[in-house]
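Worksheet: the structure to be examined is printed underneath.
Throughout, a chain's letter reflects where its sequence line sits, starting with A, and its residues are numbered from 1.
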Amino acid sequence: MKCQQCEKPATFHITELTGEQPQEIHLCEGCAQKYLMQTPGTGMPGKASLAGMLAQQLKVADTAKELEKLDEKCCPICGISFFEFRNQGRLGCPHDYVFFASELEPLIVNIHGDLLHKGKHPLTHKRSTESQTKLIQLRREMNEAIRLEQYERASELRDTIRNLEEGEEQSEDDHTV
Amino acid sequence: MDLNELTGRAGEWMKGAGPQSDIVISSRIRLARNIAEFPFIRRCTATDRAAIDKAVRDRLAEVPQLTDLAYMRVDELSDVDRHFLAERQLISRELVEAEGARSVAIDANERLSLMINEEDHLRIQVMKSGFDLVAAWDQINEVDDLLESKLTYAFHDKLGYLTACPTNVGTGMRVSVMLHLPALVITQQIEKVFRSLQKINLAVRGLYGEGSQAMGDFYQISNQITLGRSEIELRNQVHDVVPMIIDYERRARDFLLKQNQQDLHDKISRAYGILRTAQTISSEETMHLLSSVRMGVNLGLIDDLLIADINKLFVDTQPAHLQKLRGGPLDTAGRNSERALYLRRYLSQKEKDGADQN
Ligand SMILES: [Zn+2]
Ligand SMILES: [Zn+2]
């Protein structure tokens, strides 16, 4: 028997059980590997399948117009648009998990079957989530100011960033003393 | 660390030591971590990347247990050196191909590697020879705690460790075991194994080759989900299934021996013969033949070689290793004849050693 996707002999006989009817697929080793990687439930979802998963989810939930609007939504901290995430499958900053929570939650449930972390926690919480994202935002604003040649504003921002970082190192030291 | 010194030396996973090392090549755990005060890599400027790299490097210097690590800027290495590290599995293909400031810190035993500015700011990896996930977890957990005492990780109370890709969120942990399963491939049972693993949320992938094609009958089994279970639960999920696969593979080997030992011996001897005499040979063919020979050594059908020799040949015959051993760049045709020469020399030396002992 020949492989259904190329000329090599089929050595893998896969019965696909995910559809309504069991489906027999005959493939060579190479094509079987590729096939099994693509099948949901095998392999780690790559960029493409993650985007596909999202697209499918959004198709059910939103009309084209709503999707268009959603695509324009941008994280206020890092500036990533939902469209960019949807396309690349990578988020822009930790705050995206909060900002895009309602879009991400169904995706996360789809991937992991859960929404609650049960593993280890950092032993020390040195910085509040707010001050963390604040630093990301300030750095972005500083880079933007440099790009627009607003050097005075950039140096103000640099000072604010330094103060924030040093203030925390100070309080970290206080804890350890 | 002088990369030339690593050339010709066997890294941790090539040793062919550790529990069940006839079938289990290596056990590996990696953790994905991000530093809270920087955007994820995708939204990082060149300045951000350099700052992340420096922050991690500076903190590493403050942890006494980690000061021995050799730190290297991957973007400043030659292309061959980058691939050389990837062939030893010290860095990922993603880190080879990424752009901008990125680095790796490696311990002398090649068990621990920290990748900086990969898909996440930090990827911690621990690798052990053979089937040893318990030791791998203990070590990586300790390294993670040490780093966490110096860095603030991006962490969410409900979702856990935050990662650039939602597929890694939660524990950020990927547990994988690399297995050599030639008898399951020959007896066409491997697909059954795939399907049963799929049902319990484990992923299977081939190790070598372009894209996803498995070469040399190596398969990597890893957890697919990272959220909703503790690290120990995720580790145990892989840990508990591996002995069953080892058992299947052993039974398939017994079956092959019983059913037609002559055919199997013939196949293995021919593979060994080609490796000892070929004048030019591709990487793919080498993998394929080495896989047969590896099984032959395990079954006692070949006695000139140890598993460690075969593991070493698998690595040394890859493109970047060949070029490092040769000391200069080689095109595909050049590599194919260099590979054949290397195999002929290595194997005839082993045969001679074996004859001298007898
Ligand atoms: Zn095919
Ligand atoms: Zn963001």
Side-chain angles (χ1 to χ4, degrees), chain A residues 11-15 17 29-30 32-34 36-37 39 41-45 47 50 75 77-80 84-85 88-94 96-98 104 107-108 111-127 129 131-136 139-140 143 165 168, chain B residues 34 36-43 45 47-48 51 119 141 144-145 148-149 152-167 169-171 173-174 185 188 190-191 194-195 197-199 201 203-206 211-214 222 224-234:
Chain A
T11 50
F12 279 66
H13 309 283
I14 301 167
T15 311
L17 299 168
E29 185 182 352
Q33 277 291 319
K34 276 181 211 140
L36 289 161
M37 288 296 131
T39 311
T42 49
M44 271 157 264
K47 275 181 198 170
L50 193 67
C75 166
I77 304 296
C78 70
I80 197 173
E84 191 183 337
F85 165 64
Q88 302 295 329
R90 301 290 179 270
L91 294 161
C93 81
D96 299 353
Y97 281 98
V98 178
L104 283 177
L107 178 72
I108 290 172
I111 298 167
H112 300 284
D114 213 310
L115 273 173
L116 197 62
H117 175 58
K118 294 199 185 81
K120 68 189 281 191
H121 282 236
L123 302 168
T124 46
H125 244 315
K126 285 176 294 221
R127 209 165 270 166
T129 319
S131 84
Q132 285 165 15
T133 50
K134 183 107 193 143
L135 277 167
I136 298 177
R139 277 209 198 84
R140 181 166 151 254
N143 290 331
E165 282 176 339
E168 264 145 25
Chain B
N34 287 279
E37 63 211 56
F38 289 98
F40 293 147
I41 294 294
R42 207 179 148 72
R43 298 295 294 182
T45 60
T47 324
D48 289 333
E119 183 184 301
N141 190 29
D144 184 46
D145 286 348
E148 193 262 315
S149 70
T152 308
Y153 289 151
F155 186 85
H156 183 284
D157 280 332
K158 288 210 176 69
L159 292 172
Y161 294 93
L162 301 179
T163 51
C165 183
T167 50
V169 76
T171 55
M173 180 161 99
R174 199 71 62 194
V185 174
Q188 300 179 17
I190 195 93
E191 170 240 325
F194 281 167
R195 293 202 60 85
L197 293 174
Q198 217 176 308
K199 280 184 197 135
N201 281 315
V204 187
R205 56 187 284 202
S212 54
Q213 181 160 4
S222 49
Q224 189 155 7
I225 63 164
T226 56
L227 179 71
R229 292 185 204 182
S230 72
E231 288 85 358
I232 299 286
E233 285 172 314
L234 291 173

Point-to-point distance, once rounded to the nearest 0.5 Å, from [atom1] of [X] to [atom2] of [Y]:
X	Y	atom1	atom2	result
I41(B)	L91(A)	CD1	CG	13.0 Å
D96(A)	R43(B)	CG	CZ	9.0 Å
I111(A)	N201(B)	CD1	CG	12.0 Å
L159(B)	L116(A)	CG	CG	8.5 Å

Under 4.0 Å between a Lys/Arg side-chain N and an Asp/Glu carboxylate O for E233(B) and K118(A)?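 No, E233(B) and K118(A) are not salt-bridged.
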Among the listed options [options], the residue most often paired with chain A at heavy-atom distances under 4.5 Å:
options	result
T226(B), I232(B), T45(B), D48(B)	T226(B)
N34(B), L234(B), T171(B)	T171(B)
G170(B), S230(B), A164(B)	A164(B)

Can you give me the closest heavy-atom contact between P94(A) and A36(B), atom names plus distance?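 In this case the closest contact between P94(A) and A36(B) is CG-O, 4.2 Å.
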Taking all non-hydrogen atoms of both residues into account, name the closest pair between C165(B) and G89(A) and its distance.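 In terms of heavy atoms, the two residues are closest at SG-O, 3.8 Å.
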Can you sort out the partners of H121(A) under ring pair (Phe, Tyr, Trp, His ring centres under 6.0 Å), two or more places apart, ordered by chain and number?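 H121(A): ring pair (Phe, Tyr, Trp, His ring centres under 6.0 Å) contacts with H117(A), F155(B).
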For chain B, which candidate among G79(A), G119(A), C93(A) shows the most heavy-atom pairs at distances under 4.5 Å?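 Top option by heavy-atom pairs under 4.5 Å: C93(A).
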Taking the side chain as every heavy atom from C-beta outward, state whether R42(B) and F85(A) have any pair of such atoms under 4.5 Å apart.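 Contact flag for R42(B)/F85(A) side chains = no.
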Quick one, H112(A) and V169(B) - any side-chain contact, counting heavy atoms below 4.5 Å?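 H112(A) reaches V169(B) side chain to side chain.
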Given side-chain contact (heavy atoms from CB on, under 4.5 Å), test T47(B) with R139(A) step by step and report yes or no. CA-CA 10 Å; T47(B) 324; R139(A) 277 209 198 84; over 6 Å; no
Reference residue P39(B); test side chain to side chain contact (heavy atoms under 4.5 Å, CB included); the match among I77(A), I136(A), T133(A):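 Only match with P39(B) under side chain to side chain contact (heavy atoms under 4.5 Å, CB included): I136(A).
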Who passes side-chain contact (heavy atoms from CB on, under 4.5 Å) against D144(B), sequence neighbours left out?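 With neighbours one apart ignored, the set is K120(A), L31(B), R33(B), I124(B), Y153(B), Y161(B).
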